[in-house]
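Written below as C-alpha cells is the structure these notes are about.
What's counted below: heavy atoms across the whole structure, side chains too, no hydrogens, waters or symmetry copies.
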Amino acid sequence: MTVRVRIAPSPTGDPHVGTAYIGLLNWSFAKHHGGKFILRIEDTDQTRCSESSAQAIYDSMKWLGLTYDEGPDVGGDRGPYVQSERVKLGIYRKYADQLIAQGDAYYCFATARELEAMKARQRAANEPIMYDRRYRGFDLEEAKKRVASGEPYVIRMKTPLEGEFVYRDRLRKQPVVKGWKEIDDQVLLKSDGWPTYHLAAVVDDHLMGITHVIRAEEWLNSLPKHIWLNEKLGFTAPEYVHVGLLRNADKSKISKRKNPTSLLWYRQQGFLPEALLNFLALLGHSHPDGIEKFDLTEMARFFDLDRINVAGPVFDLAKLRHLQGLYFRELDAERAKAEVLKAVETRFEQLFPILRERMACGGDFLAQAEPYYADAVTHHVEDLIPKGLVKEDARALLEDAQRAFKQHIAADGTVWDAPSLEKLLRDLIAEKSQVPPIGATPEQEAAAKRWTTKNLFGLVRVAATGRRETPPLFDTLAAIGAMKSIERLGAAQMKLR
RNA sequence: GGCCCCAUCGUCUAGAGGCCUAGGACACCUGGUUUUCAUCCAGGCGACACGAGUUCGAAUCUCGUUGGGGCUACCA
C-alpha cells in the first residue's frame, strides 16, 4: 500500500505556522515511506474563506519546501483539490443523500434561534450542552415535503444512542474510549447546502485515497464521528493519528495574540525556511542520534511517526532564533547579503512613503526610521502625560487602548492597517466618552471628558514611538506592527507607574 | 459544568524496569578568545508534579490526586 497523506488547511486569514508543523510531519511521513503528500483546501465556510488566503498557503508551502505531489495548483488525478469546487460537483450532497436513504442521517428544521434557546435552557439546568436530537424521529416523508417546499434545513448524522466507541491511536497509551451517548447528531450538510468539515473531510480523504490522517489533537473528540461516517459510507477508514498542539508560553493553544503565527511574518522577518522547518522538527520529536541541526532530507530519512511525543510543545521563539543564527551565519557572503538587502528593502518600501514629507535629505531617513525598526523605544514620562491629566489618567487611557488593540488582533479576519486602526481608536473614544444619561457621578463625567482624540492620539503616538513628532499616527502604528505597538504601549504603562 | 487528552530542568527534548548520583540543546550565570559586541570555546545553575501500589529494583508499569490543555458551532 502506498502511503498517501494530506494537509487540509482552511484558507482563513494568514497561513498558519501550525499548518507548517502538521505539514512537515505529514510530508516527512510520506517521504519516509516513499508515499505521496497532498494539499487540499477546505473552504466550506463561505463566510470565512478567501481565494487570497488559499494562494498564500500555496506560496508558503513552496517557500518552505514542503512540496506537495497533488494539490489545487499542481493538479493530480484525484482532484479537484479545493472543496468549494467539489461542492459544485455535488459530491458531498450525494453522500449526505445516501446516509438519509440508509436511515443514518435525517433532516432537521430547527432554527438558529430555536437552538440558542435550547442551549440556554441546558446551561441554566446545568446539563451538557448538545443538540437534543429533536428532529431525529421526525417522519421522513413529511420532512421531504418540507424540504421540497423550500424550507431551510440541515442534514444531521444519526449517531448510535448507546454503546461505546473504541479506537486505538498509535501514539496514545490507552485506547480512545467514548460513550456514544455523549456524541451528538452533528450537522453534515449546512442550510446553505455546503458540507461541514466532518462530512467533507471524510468523503475527500476516502476519494483521495488517503491512508493516514496525521492531525492535531483538537480533532480527537470528533474521531468517533469520522470513524462512524467512514463505516456508514462503506469506506475503509484511514488510520487517524493525533499529535500535540503547539502552545503559547502559558501552555494555551498557540494564538496570534501571544505568538507570531503567520508564516508571512517569518518570511518577511527574514527567517530562512530551513531554520523554521528545523525548529518545527524539534517540537514533539527528535533526531534519534540527538542531532539538533538537520535538513528536510535528513528529516525524511529518520522520521518515525511512533517516536512523536503527544504532549503539546511550547513554541519558543528564542530557540528558533538560535537555529536561524546557525543557518544564517553559514550562508555564503552573497546569499547573506541578499537576505539583508531583502529585509532592508521591505522596510524601506514600507517606510519611505510616510517619512518622505518630513525629510530634507536622504540621510534623514535612517534617523527618522529608527523608531519603526528598533526593538524598543525609550519613553520620557513627561511626554506621556497629556496636558491637564495626571499619570494615572494617562495610564488608564493607554491600558484601554492596548486592550482594544489586543482584542483587535485576536479576532478572526482583522487586519492591522491604518484605516482599521483609526476606526478602532475612534470607536473606542466614542464609547468611552459617553456619560451615563442619568445619575452620572462627577468621577464618571471627568473620566469621560478625558477621552478625546487629542489626548488619546497624542498619548498613543508617544507610547508607540517614544517621540512627540511622527508621521500620521495610524500609518505609523501600521508600520510598526501589531506586536511591537502593543508591547510598547505596555512599556509606556510601566513607565507611568 | 460535561467529555477527552497530556505530565522529565524556565523552554525543546533523550530516556520504552537495573546502563540515571537522569543525558543533550535553547535561555540564564561565570570564565576564556575578541579593542567592544556578536560568534566561538570551557564551566555552572537547573527537572522525573504528588501519593499509593506492583517489583529484589521504577523517570519508566498500575491506580488515585493535583496541575495543564483541548473539545463542547449550520468554524475548521
Strictly by Watson-Crick or wobble contacts shorter than 3.5 Å, is anything paired with [N], and which nucleotide is it?
| N | answer |
| --- | --- |
| B:rC74 | none |
| B:rA52 | B:rU62 |
| B:rC40 | B:rG32 |
| B:rG17 | none |
| B:rA22 | none |
| B:rG46 | none |

Quick one: label [X] by what it contacts on the DNA or RNA (base, sugar-phosphate, nothing), any heavy atom closer than 4.0 Å.
| X | value |
| --- | --- |
| A:R329 | sugar-phosphate |
| A:T44 | sugar-phosphate |
| A:A110 | base |

Checklist entry - Between A:Y135 and A:F109, is the ring centre distance below 6.0 Å? => result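 Aromatic pair counts; centres sit under 6.0 Å.
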Whole-Å gap separating [atom2] ([N]) and [atom1] ([X]):
| X | N | atom1 | atom2 | value |
| --- | --- | --- | --- | --- |
| A:D192 | B:rA73 | CG | C1' | 13 Å |
| A:R48 | B:rC74 | CZ | C1' | 13 Å |
| A:I41 | B:rA76 | CD1 | P | 14 Å |
| A:N309 | B:rU11 | CG | P | 13 Å |
| A:L188 | B:rA73 | CG | C1' | 14 Å |
| A:W194 | B:rA76 | CH2 | P | 11 Å |
| A:E330 | B:rC40 | CD | C1' | 15 Å |
| A:L171 | B:rC6 | CG | P | 10 Å |

Provide the distance between the two [atom1] atoms, one in [N] and one in [M], to the nearest whole Å.
| N | M | atom1 | result |
| --- | --- | --- | --- |
| B:rU55 | B:rA25 | P | 40 Å |
| B:rC50 | B:rA59 | P | 11 Å |
| B:rC3 | B:rC61 | C1' | 26 Å |
| B:rA76 | B:rC28 | C1' | 40 Å |
| B:rA7 | B:rC48 | P | 16 Å |
| B:rC45 | B:rU30 | C1' | 10 Å |
| B:rA47 | B:rU54 | P | 29 Å |
| B:rU62 | B:rU72 | P | 29 Å |

Taking the six-membered ring for Trp, are [X] and [Y] parallel (under 30°), tilted (30 to 60°) or perpendicular (over 60°)?
| X | Y | result |
| --- | --- | --- |
| A:H198 | A:W219 | perpendicular |
| A:H287 | A:F302 | tilted |
| A:W416 | A:H408 | tilted |

Quick one, which residues of [range] touch RNA chain B with a heavy atom under 4.0 Å?
| range | result |
| --- | --- |
| residues 16-33 of chain A | none |
| residues 82-98 of chain A | none |
| residues 152-162 of chain A | A:V154, A:R156 |

Item to check | Which residue lies more 5' along RNA chain B, comparing A:E127 with A:L282 via nearest heavy atoms | outcome: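 Its nearest nucleotide being more 5', the pick is A:E127.
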Checklist entry - Of A:V177 and A:P313, whose nearest nucleotide on RNA chain B comes first from the 5' end? => result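 Closest to the 5' end, via its nearest nucleotide, is A:V177.
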Item to check | For A:R307, salt bridge (charged side-chain N to carboxylate O under 4.0 Å, His left out) partners two or more places apart | outcome: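 Listed in chain order: nothing, the list is empty.
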Next on the checklist: Applying side-chain contact (heavy atoms from CB on, under 4.5 Å), can you list everything that pairs with A:V87, at least two apart in sequence or on another chain?
Outcome noted: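 Residues passing side-chain contact (heavy atoms from CB on, under 4.5 Å) with A:V87: A:Y92, A:W194, A:P195.
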Tabulate protein N/O versus nucleotide N/O from nucleotides 20-30 of chain B, keeping only pairs under 3.5 Å, one per line.
residue: B:rG24; atom: N2; partner: A:E292; partner atom: OE2; Å: 3.1
residue: B:rA25; atom: O2'; partner: A:E292; partner atom: OE1; Å: 2.7
residue: B:rA25; atom: O2'; partner: A:K319; partner atom: NZ; Å: 3.4
residue: B:rA25; atom: N3; partner: A:K319; partner atom: NZ; Å: 3.2

Checklist entry - What pairs of residues pass the ring-ring contact (aromatic ring centres under 6.0 Å, His included) test when at least one of them lies in residues 4-23 of chain A, not counting sequence neighbours? => result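 Residue pairs passing ring-ring contact (aromatic ring centres under 6.0 Å, His included), neighbours aside: none found.
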Item to check | Pairwise ring-ring contact (aromatic ring centres under 6.0 Å, His included) hits with a residue in residues 40-89 of chain A, at least two apart | outcome: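 Qualifying pairs, neighbours excluded: none.
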Item to check | Pairs flagged by salt bridge (Lys or Arg N to Asp or Glu O under 4.0 Å) wherever residues 317-328 of chain A is involved - sequence neighbours left out | outcome: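 The answer is A:E292-A:K319.
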Item to check | Side-chain donor-acceptor pair present, A:S255, A:N248, cut-off under 3.5 Å | outcome: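 Side-chain D/A pair, A:S255 to A:N248: present.
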Item to check | Short side-chain donor-acceptor distance under 3.5 Å, A:R215 and A:H242 | outcome: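 Yes, a side-chain donor-acceptor pair sits under 3.5 Å.
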Would [X] and [Y] pass as an ion pair if we require N to O under 4.0 Å?
| X | Y | answer |
| --- | --- | --- |
| A:K342 | A:E345 | no |
| A:R40 | A:E42 | yes |
| A:K253 | A:E217 | no |
| A:E70 | A:R78 | no |
| A:D185 | A:K158 | no |
| A:K181 | A:E164 | no |

Checklist outcome for this item: Expected string for nucleotides 59-72 of chain B under the B/S/- scheme (protein heavy atoms, under 4.0 Å, primed atoms plus P, OP1, OP2 as sugar-phosphate) is ---S-----SSBSS
Checklist entry - Is any side-chain nitrogen or oxygen of A:S286 closer than 4.0 Å to OP1 or OP2 of B:rA14? => result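 For B:rA14, OP1/OP2 do have a side-chain N/O of A:S286 under 4.0 Å.
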Next on the checklist: Please enumerate all residues that pass side-chain hydrogen bond (donor to acceptor under 3.5 Å, both in side chains) together with A:N26, with sequence neighbours excluded.
Outcome noted: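 Not a single residue meets the side-chain hydrogen bond (donor to acceptor under 3.5 Å, both in side chains) criterion with A:N26.
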Checklist entry - Excluding sequence neighbours, so at least two apart, what forms side-chain hydrogen bond (donor to acceptor under 3.5 Å, both in side chains) with A:E487? => result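 Listed in chain order: nothing, the list is empty.
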